[in-house]
2 protein chains.
Amino acid sequence: MQLTTPPKRPLTLRDVSDACGVSEMTVSRVLRKRGDVSDATRDRVLAAAKALGYVPNQIAGSLASQRVNLVAVIIPSLGNMVFPEVLNGVNQVLEDTPLQPVVGVTDYLPEKEERVLYEMLSWRPSGVIIAGLEHSEATRAMLRNAGIPVVEIMDTDGKPVDAMVGISHRRAGREMAQAILREGYERIGFMGTKMPLDHRARKRFEGFTEGLAKAGVEIEDRAFYSGGSALAKGREMTREMLERSPDLDFLYYSNDMIGAGGLLHLLDEGIDIPGQIGLAGFNNVELLQGLPRQLATMDACRNEIGQAAARIILNQTIPDPDPDVPTQITLTPTLSLGDTLRRRRQG
Amino acid sequence: MQLTTPPKRPLTLRDVSDACGVSEMTVSRVLRKRGDVSDATRDRVLAAAKALGYVPNQIAGSLASQRVNLVAVIIPSLGNMVFPEVLNGVNQVLEDTPLQPVVGVTDYLPEKEERVLYEMLSWRPSGVIIAGLEHSEATRAMLRNAGIPVVEIMDTDGKPVDAMVGISHRRAGREMAQAILREGYERIGFMGTKMPLDHRARKRFEGFTEGLAKAGVEIEDRAFYSGGSALAKGREMTREMLERSPDLDFLYYSNDMIGAGGLLHLLDEGIDIPGQIGLAGFNNVELLQGLPRQLATMDACRNEIGQAAARIILNQTIPDPDPDVPTQITLTPTLSLGDTLRRRRQG
DNA sequence: GTGAAAGCGCTAACAA
DNA sequence: TTGTTAGCGCTTTCAC
């Protein structure tokens with residue numbers, strides 16, 4: 001039931017004040033649950049605000065209080081599965097706090113990252129969570145000068161502007177290499193995204209080749225793609241690679257989706273997995289549970305990263321920050337062997 | 001190279017004004033590219049702003065100008081694939097405009113929708129794009145009284161508060177029913193999410209049963225799930241359903257992911273698709289291209305919906321809106337038969 | 001427990 | 001082309 005006709009001009013504190021005969025100041029106090037207000041006045045104010053359908057103006061509030069309860073979260077993409085999970089972690093922690101995440105997407109483009117950060121900073125957020133350690137000089141300067149907590153996430157192979165939460169992708173690649181060699185595979189192919197700008201994928205690849213090199217092994221074939229359905233690409237690239245290099249006994253994919261494509265192709269061909277060819281991906285995407293075989297993979301601690309980052313920001317916005325909350329966190333990804341990296345030893 | 005030490009207090013227009021000896025007003029004009037400013041002054045201002053690393057304060061700007069270039073986009077989930085694609089559509093259209101989308105997530109909970117909308121409205125955005133036509137009375141009241149353009153998206157089976165862009169899910173369900181019957185299938189099972197709150201899935205289901213009913217056909221078995229990996233759930237539910245009802249000759253899934261799970265299960269069992277059993281899903285998710293068979297499905301025009309919604313908002317924020325931009329748009333989803341709904345006629 | 005005054009950093013409107 | 005003045009709607013601070 002409408003008590004009044006819909007207002008053309010947004011309502012102000014003043015309107016509520018008029019409606020209930022209480023000063024603006026007191027109305028403000030009631031609405032923010034601050035300071036002491038008698039129950040009677042509080043009830044009158046609340047009733048009036050509700051009846052009018054008053055929605056406070058945060059713009060004015062933030063300007064006056066010099067506080068903005070927004071946390072800028074800047075990520076490369078929403079299509080990647082990885083990032084929505086990070087956001088969930090952030091949300092879980094900020095859920096019952098005054099802080100609110102605001103998401104910006106960069107499409108893996110440094111210039112866009114710069115623009116997005118600039119726009120978000122112009123709202124004077126209480127903190128920034130940003131993916132990756134690699135940024136343009138301008139971006140880094142903005143982060144340094146913002147005067148607010150900054151958490152760089154996902155990756156810990158590098159030097160952060162301020163705080164940092166993630167995993168070492170280099171090490172993840174290296175450990176995967178070791179796991180593969182341990183099982184006796186030695187003719188190894190790699191498939192991944194074209195990654196001039198996906199630094200995490202690049203570091204994994206570098207760690208991987210490094211890990212192989214230590215055992216005197218080199219990648220025998222490699223292929224990169226961009227765009228298109230990852231599953232379809234995985235199929236296609238795998239077919240092509242095996243035509244080119246039929247002797248490969250292991251395929252390492254830079255993510256689970258193309259890995260799954262490869263898996264489906266090999267199953268179609270009736271190839272023995274993991275006997276004849278072993279497979280591994282990266283990310284441990286839940287989405288893929290239910291495939292005919294469980295792909296070997298490594299999880300990237302996505303949710304945990306989001307949570308930890310949010311906690312760091314949160315800690316810095318409260319009256320006296322707990323000095324025990326660490327600001328440089330390296331998480332350890334777990335390797336799942338699944339059904340594609342457990343070779344029955346040959347001999 | 002830093003020209004100054006990092007400021008502890010954020011810089012103001014005043015600082016730039018002082019630094020270049022030009023009035024605040026003129027600095028403001030330069031930074032907003034408004035009004036006539038001589039090239040000489042502009043260059044001086046720009047140089048000073050850049051050297052200082054000045055980032056304008058939108059909070060103050062918006063309060064003064066009574067304009068906020070934000071568009072609230074309220075969706076149920078980011079994990080659903082569907083919504084990131086809608087967001088992409090929105091982004092594409094707003095990319096080169098002053099408007100900026102801000103995303104809020106409701107987790108399919110009406111109370112959370114209410115909270116999220118309230119918080120977003122408190123930033124006085126220029127428009128709202130919100131998923132669905134079903135909202136709490138309070139939510140609807142806020143939308144009505146906000147005094148800004150509101151576009152309800154995804155669904156057109158109902159009455160919008162203001163503008164609306166989507167498809168008719170009821171009709172989509174009905175058309176799928178017809179397509180299935182046309183191929184001669186008649187013993188039909190349904191699997192979907194528990195959908196007390198997913199109104200689109202519910203409407204599809206209703207349209208579907210309605211479409212069957214017209215031909216005197218009834219669903220023979222049904223099952224609902226919630227949570228977990230959709231692919232795995234699809235496998236499991238399909239197995240269970242076929243144990244229970246071995247005579248089914250068609251399975252309709254409320255989304256492609258569980259449909260894909262079902263598909264994989266049937267292939268494992270060596271069941272002839274689409275001869276013995278036909279399959280269909282919904283959404284036409286690109287992700288799944290590359291499966292052994294292409295699942296019959298219907299696309300939900302996700303990107304287009306985002307684009308159209310953004311255009312409606314955009315049109316209302318410009319000086320004189322084009323009256324020819326329609327505000328109630330019903331898109332037509334296309335049916336893809338794929339490889340799982342093309343039965344060789346039996347007889 | 002309540003109210004009055006001042007001002008947050010910017011821009012609209014007007015004056016020069 | 002440039003500058004001045006007066007707020008935007010709220011909160012801070014201080015007085016009562």
Side-chain angles (χ1 to χ4, degrees), chain A residues 7-46 48-49 52 54-70 98 119 121-126 147, chain B residues 7-46 48-49 52 54-70 98 119 121-126 146-147 319:
Chain A
K8 224 46 262 173
R9 161 188 66 77
L11 296 164
T12 69
L13 216 41
R14 182 62 193 272
D15 295 308
V16 181
S17 167
D18 287 352
C20 64
V22 172
S23 80
E24 282 184 54
M25 198 49 239
T26 303
V27 174
S28 167
R29 277 196 274 255
V30 171
L31 264 22
R32 282 176 302 138
K33 316 183 209 308
R34 270 225 216 318
D36 296 315
V37 181
S38 72
D39 286 4
T41 3
R42 179 180 14 264
D43 293 348
R44 281 206 359 247
V45 170
L46 255 21
L52 292 173
Y54 171 70
V55 177
N57 185 333
Q58 294 255 33
I59 307 263
S62 296
L63 182 62
S65 66
Q66 304 283 73
R67 257 183 287 96
V68 182
N69 292 324
L70 262 23
E119 307 228 288
L121 288 183
S122 73
W123 289 99
R124 299 289 187 265
S126 293
Chain B
K8 224 47 259 170
R9 160 187 65 76
L11 295 165
T12 69
L13 260 190
R14 182 62 194 271
D15 296 309
V16 181
S17 168
D18 287 351
C20 64
V22 172
S23 79
E24 283 183 53
M25 197 53 235
T26 301
V27 174
S28 167
R29 278 195 274 253
V30 171
L31 264 22
R32 283 176 301 139
K33 315 182 209 310
R34 271 224 216 318
D36 296 314
V37 181
S38 72
D39 286 4
T41 9
R42 177 177 19 263
D43 294 348
R44 277 196 17 235
V45 170
L46 255 21
L52 293 173
Y54 172 69
V55 177
N57 184 334
Q58 294 256 31
I59 307 261
S62 295
L63 181 62
S65 65
Q66 303 282 74
R67 256 183 290 95
V68 182
N69 291 324
L70 298 176
E119 306 228 288
L121 288 182
S122 74
W123 289 99
R124 300 287 186 267
S126 293

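Below, read A as the first sequence line, B as the second, and so on, with proteins coming before strands; counting in each chain starts at 1. If you're wondering where the values come from, they're calculated on a predicted model, not measured in any experiment.
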At what distance, to the nearest 0.5 angstrom, does CD1 of Ile59(B) lie from CD of Gln58(A)?
8.5 Å
Let me know the distance between CD of Glu24(B) and C1' of dC10(C), rounded to the nearest Å.
8 Å
Considering heavy-atom distances to DNA chain D, does Leu63(B) or Asp36(B) have its closest nucleotide positioned more toward the 5' end?
Asp36(B)
Between Arg67(B) and Ser62(B), is there a side-chain heavy-atom distance shorter than 4.5 Å?
no
Output yes when at least one side-chain N/O atom of Ser65(A) is less than 4.0 Å from OP1 or OP2 of dC10(D), else no.
no
Using OP1 and OP2 only, check whether a side-chain N or O of Gln66(A) sits under 4.0 Å from dG9(C).
yes
Any donor-acceptor pair under 3.5 Å between the side chain of Arg124(B) and the base of dG9(D)?
no
Please determine whether a side-chain nitrogen or oxygen atom of Ser38(B) lies at a distance below 4.0 Å from atom OP1 or OP2 of dT1(D).
no
Does a side-chain N or O of Arg32(B) approach OP1 or OP2 of dT11(C) to a distance below 4.0 Å, or not?
yes
Please tell me if the side chains of Leu13(A) and Asn57(A) come closer than 4.5 Å, counting only heavy atoms from C-beta onward.
no
For the side chain of Ala60(A), counting heavy atoms from C-beta on, which of dT4(D), dC10(C), dC10(D) is nearest?
dC10(D)
Take atom CG of Asp39(A) and atom P of dG1(C), then tell me their distance rounded to the nearest Å.
10 Å
Report the residue (Ala64(B) or Arg29(A)) whose heavy-atom-nearest nucleotide on DNA chain D is the more 5′ of the two.
Ala64(B)
Nearest-Å distance for atom pair CD/C1', residues Gln58(B) and dT11(C):
13 Å
Please determine, for the side chain of Thr26(B), which listed nucleotide (dG9(C), dG9(D), dT2(D)) has the closest atom?
dT2(D)
Would you say CZ of Arg32(B) has more than 12 non-hydrogen atoms from neighbouring residues, nucleotides or ligands within 6.0 angstrom?
yes
Does any N or O in the side chain of Ser17(A) come within less than 3.5 Å of the main-chain N or O of Val22(A), such that one atom is a donor and the other an acceptor?
yes
Find the distance Arg9(B):CZ to dC8(C):C1' and express it as a whole number of Å.
13 Å
Distance test, side-chain N/O of Tyr54(A) to OP1/OP2 of dG9(D), below 4.0 Å
no
Tell me whether the side-chain N/O atoms of Ser28(A) come closer than 4.0 Å to OP1 or OP2 in dC10(D).
no
Atom CG of Asn57(B) to atom P of dG7(C): distance rounded to whole Å?
18 Å
Counting only side-chain heavy atoms from C-beta out, which of dA12(C), dG9(C), dC10(D) sits nearest to Thr12(B)?
dG9(C)
Under 4.0 Å between a side-chain N or O of Ser23(A) and OP1 or OP2 of dG3(C)?
yes
Heavy atoms under 4.0 Å, any strand shown: does Ser62(B) hit a base, just sugar-phosphate, or nothing?
nothing
Using atom CD1 of Ile59(B) as one end and atom C1' of dC8(D) as the other, report the distance to the nearest whole Å.
13 Å
Within the side chain of Ser126(A), is there an N or O that forms a donor-acceptor pair under 3.5 Å with the backbone of Val68(A)?
yes
Rounded to the nearest Å, what distance is computed from the CZ atom of residue Arg67(A) to the P atom of nucleotide dC8(C)?
16 Å
note: Arg34(A), atom CZ; dT11(D), atom C1'; distance rounded to Å ~ 10 Å
